[in-house]
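One structure below.
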Amino acid sequence: MFISISTTGTAERPATDLGFLLHKHPDKVQRFSTSHGEAHVFYPEATAETCTVALLLDVDPIALVRKGRGKGRGGSPDFSLAQYVNDRSYAASSLLAVALRTVFRTAMKGVCETRPGLADQPMPLRISLPAVPASGAGESGGAALVGRLFEPLGWQVAAEAILLDEAFPEWGESRYVRVELSATARLADALQQLYVLLPVLDGSKHYWVAPDEVDKLLDAGEGWLAEHPELNLIIRRYLARRWALARTAMERLELARLAEADDREAEELDNAVDDENTGESADGREAAESEAGAEGTADRKRTSLAVQRREAILAALRETGAARILDLGCGQGELVGALLKDTRVTEVLGVDVSTRALSAAARKLRFERMPERQSSRVRLAQGALTYTDARLKGYDAAVLSEVIEHLDLPRLPALEYAVFGAARPGAVVVTTPNVEYNVRWETLPAGHVRHADHRFEWDRAQFLAWAQRVADTYGYGVTVRPVGPYDEEVGAPTQLALFRLGAAGAEPDAATEADTTAPAVIATPTTAASAATTTTPGAATTATPTTAATTTTTTEGSVTR
């Protein structure tokens, strides 16, 4: 199989600069070993005005059979006829893509040490491919497919179908096309696009598609793949229709998009699951600390804080009678699983920005083994809660369990609008740590928050003031309640707010053994002036934290509100 890349130049910028970019001298013929044969690189012409480099891949049919995929899933259609009589030596395919990566690896990275800055400059390019398989495989193939893939990237495409036999034109066209691409572009970009799109055109790969192919796809597609109008087709065909890998690629692209929109690194968003293989979330550690660190409870058998919090959320949702529920920031799906056990719940949508958390949730919920009736009630979706999302509209209730404290304070209003203003469910349940209770953790150093990713932790006054402000702004009534063992001096470890659209806050359930001295605080929509101060039985008088003097110290530093 054969490919040539040509460019033009001037005396000031000679076309032979192509040799510097490719790290291959125009006066030499070079040979390279690849996994399926030998690649030969040579220059049919090399002048200041015009320079052409050619790559000829001499495929070893024995190596192809030994290392190829044969008749397996996604294998080449030619192998259904014979292993040794096929088009692999002549038609550009994934084999040529592998050869490009092997021979021009440094050029694909955009590195040219001998001519700094040269790799960043666009240059006129013409790429010729005498024979490219453009199989439809249930989709539109042929020359039209070539145009759909390359034209959105700025290439001028000349694609001509090759007849089955020129002596008998009535036999029609083959699945091969003769392709010529022209554009002014960076050479590295052109090579990366060819590396991805040649296997896509062929519709098959001639080696096993392992999970690391996702990394190769996203690396080569950086800067152009996410915005391509044929994104789904490219991912599906590049990954040989391995749906699990395609789903992983889509999730990682979405995470990268959200991270770019937030001007953050993707790793900062994809942090809902610990790197250690312990399967323990931040909530799990918090729960363990609750049992070990709370004073005065050693003589009583207690459930963990995480379980108490989940039970409090479920109780609040039962009050509302919600049947269609959003779990926003669903993490590893503990609450989703609990909601599915309630037959009154007809639909649960779990949303999280972390792809690792969603994958862990799918495993924990055993999606693959879930009965059809059960699976029809639940969905998991990736999304950022600081952006409006049409998928979140029309639900009876939403839950934000231990979520808001993971946001930078300047971004909190965006979440408020996205949930309370745009999605606007009938009820919203919010839980967050009570920073006053942190002094009761024996293992938590003074002045530290409970988890390294917490951007802030509020005391009872600050949480109540926030809840009242949000309720007033968006037309909700709100009830604020303690969750967990109640301490007369510092309150409970977790605080919960139940917002109900257009209604005053409802009375709480009968108090449990853990919180018999901690009545709920009921806040109805009020004016800003009347919301400034509220007295709570069993708690200190609270004030809205709006002055510059109000400061909470965390491991990230001091945040002034």
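Side chains included, hydrogens not; waters and symmetry mates left out as well; all remaining heavy atoms used.
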Report summary line: Between Phe499 and Ala471 the two heavy atoms that sit nearest each other are CE2-N, 4.1 Å
**Report entry** Rounded distance (nearest 0.5 Å) linking atom CG of Asp327 with atom CG of Leu380
**Finding:** 9.5 Å
**Report entry** Carboxylate-amine/guanidinium contact Glu213 Arg242, below 4.0 Å
**Finding:** no
Report summary line: Rounded to the nearest 0.5 angstrom, the CZ-CG distance for Arg318 and Asp342 is 7.0 Å
Query raised in the report: Heavy-atom distance under 4.5 Å between the side chains of Val430 and Phe463, does that happen here?
Result: yes
Query - Short side-chain donor-acceptor distance under 3.5 Å, Tyr395 and Glu347 - result: yes
Query raised in the report: Do you know which two heavy atoms are closest between Ala418 and Thr386, and how far apart they sit?
Result: CB-C, 4.4 Å
Query raised in the report: Do Leu239 and Val214 have side chains that get closer than 4.5 Å, going by heavy atoms?
Result: yes
Query raised in the report: Can you name the closest pair of heavy atoms from Leu365 and Gly337 and give their distance?
Result: CD2-CA, 3.6 Å
Requested in this report: Answer yes or no: is there a side-chain heavy-atom contact under 4.5 Å between Leu201 and Leu145?
Outcome: yes
Query - Separation of Arg424 CZ from Leu501 CG (nearest 0.5 Å) - result: 5.0 Å
Query raised in the report: Taking the side chain from His406 and the backbone from Arg455, do they hold a donor-acceptor pair closer than 3.5 Å?
Result: no
Query raised in the report: What do the steps show when you test Cys330 against Val399 for side chain to side chain contact (heavy atoms under 4.5 Å, CB included), and what is the final call?
Result: CA-CA 9 Å; Cys330 64; Val399 177; over 6 Å; no
Query - Heavy-atom side-chain contact between Leu340 and Arg377 under 4.5 Å - result: yes
Query raised in the report: Is the shortest heavy-atom distance from the side chain of Asp389 to the side chain of Leu392 under 4.5 Å?
Result: yes
Report task. Provide the closest heavy-atom pair for Ala312 versus Val483 in the form atom of the first, atom of the second, distance. Result -> CB-CG2, 3.8 Å
Query - Inter-residue atom distance Gln382.CD - Met250.CE, 0.5 Å rounding - result: 9.5 Å
Requested in this report: Could you tell me whether Glu405 and Arg450 make a salt bridge, using a distance below 4.0 angstrom between a side-chain N and a carboxylate O?
Outcome: no
Requested in this report: Test side chain to side chain contact (heavy atoms under 4.5 Å, CB included) on Tyr474 and Val419 and set out the steps.
Outcome: CA-CA 10 Å; Tyr474 295 102; Val419 175; over 6 Å; no
Report task. Please step through side chain to side chain contact (heavy atoms under 4.5 Å, CB included) for the pair Thr432 and Thr494, ending with a clear verdict. Result -> CA-CA 6 Å; Thr432 192; Thr494 296; over 6 Å; no
Query - side chain to side chain contact (heavy atoms under 4.5 Å, CB included) between Ser401 and Ile313, worked out - result: CA-CA 8 Å; Ser401 178; Ile313 292 170; 3.5 Å; yes
Query raised in the report: Side chains of Leu400 and Leu385: closer than 4.5 Å at any heavy-atom pair?
Result: yes
Query raised in the report: Hey, is Lys341 close enough to Glu334 for a salt bridge, meaning N to O under 4.0 Å?
Result: no
Query - Interatomic spacing from NE2 in His451 to CD in Glu402 - rounded to 0.5 Å - result: 11.5 Å
Query raised in the report: Sub-3.5 Å donor-acceptor pair from the side chain of Ser94 to the main-chain atoms of Ala97, do we have one?
Result: no
Query raised in the report: Are the side chains of Tyr387 and Leu415 in touch, meaning some heavy atoms are under 4.5 Å apart?
Result: no
Query raised in the report: Are any side-chain N or O atoms of Glu416 and backbone N or O atoms of Val470, one a donor and one an acceptor, separated by less than 3.5 Å?
Result: no
Query raised in the report: Does Arg324 come within less than 4.0 Å of Asp396, counting only side-chain N to carboxylate O?
Result: no
Report task. Could you tell me whether a side-chain N or O of Arg469 sits under 3.5 Å from a main-chain N or O of Ala465, the two making a donor and an acceptor? Result -> no
Requested in this report: For residues Tyr486 and Gly491, report the shortest heavy-atom separation together with the two atoms involved.
Outcome: CE1-CA, 3.6 Å
Requested in this report: Say whether, by atom type as modelled, one donor and one acceptor occur between the side chain of Asp408 and the main chain of Arg411 under 3.5 angstrom.
Outcome: no
Query raised in the report: If every non-hydrogen atom of Arg391 is compared with every non-hydrogen atom of Gly383, which pair is closest and at what distance?
Result: NH2-CA, 4.0 Å
Query - Other residues, nucleotides, ligands: >12 heavy atoms within 6.0 Å of Tyr417 OH - result: no
Query raised in the report: Is it true that a side-chain atom of Gln462 and a backbone atom of Asp459 form a donor plus acceptor pair closer than 3.5 Å?
Result: yes
Query raised in the report: How many angstroms lie between atom NE2 of His454 and atom CZ of Phe456, to the nearest 0.5 angstrom?
Result: 9.5 Å
Query - Ion pair Glu230/Arg237, N-O distance below 4.0 Å - result: no
Query raised in the report: Is the backbone N or O of Ala492 less than 3.5 Å from a side-chain atom of Asn434, with the two atoms forming a donor-acceptor pair by type?
Result: yes
Query - CD (Gln374) with more than 12 external heavy atoms under 6.0 Å - result: yes
Report task. Mark yes or no for whether Thr320, through its side chain, and Ala427, through its backbone, hold a donor-acceptor pair below 3.5 Å. Result -> no
**Report entry** Side chain proximity check, Leu314 to Leu335, heavy atoms < 4.5 angstrom
**Finding:** yes
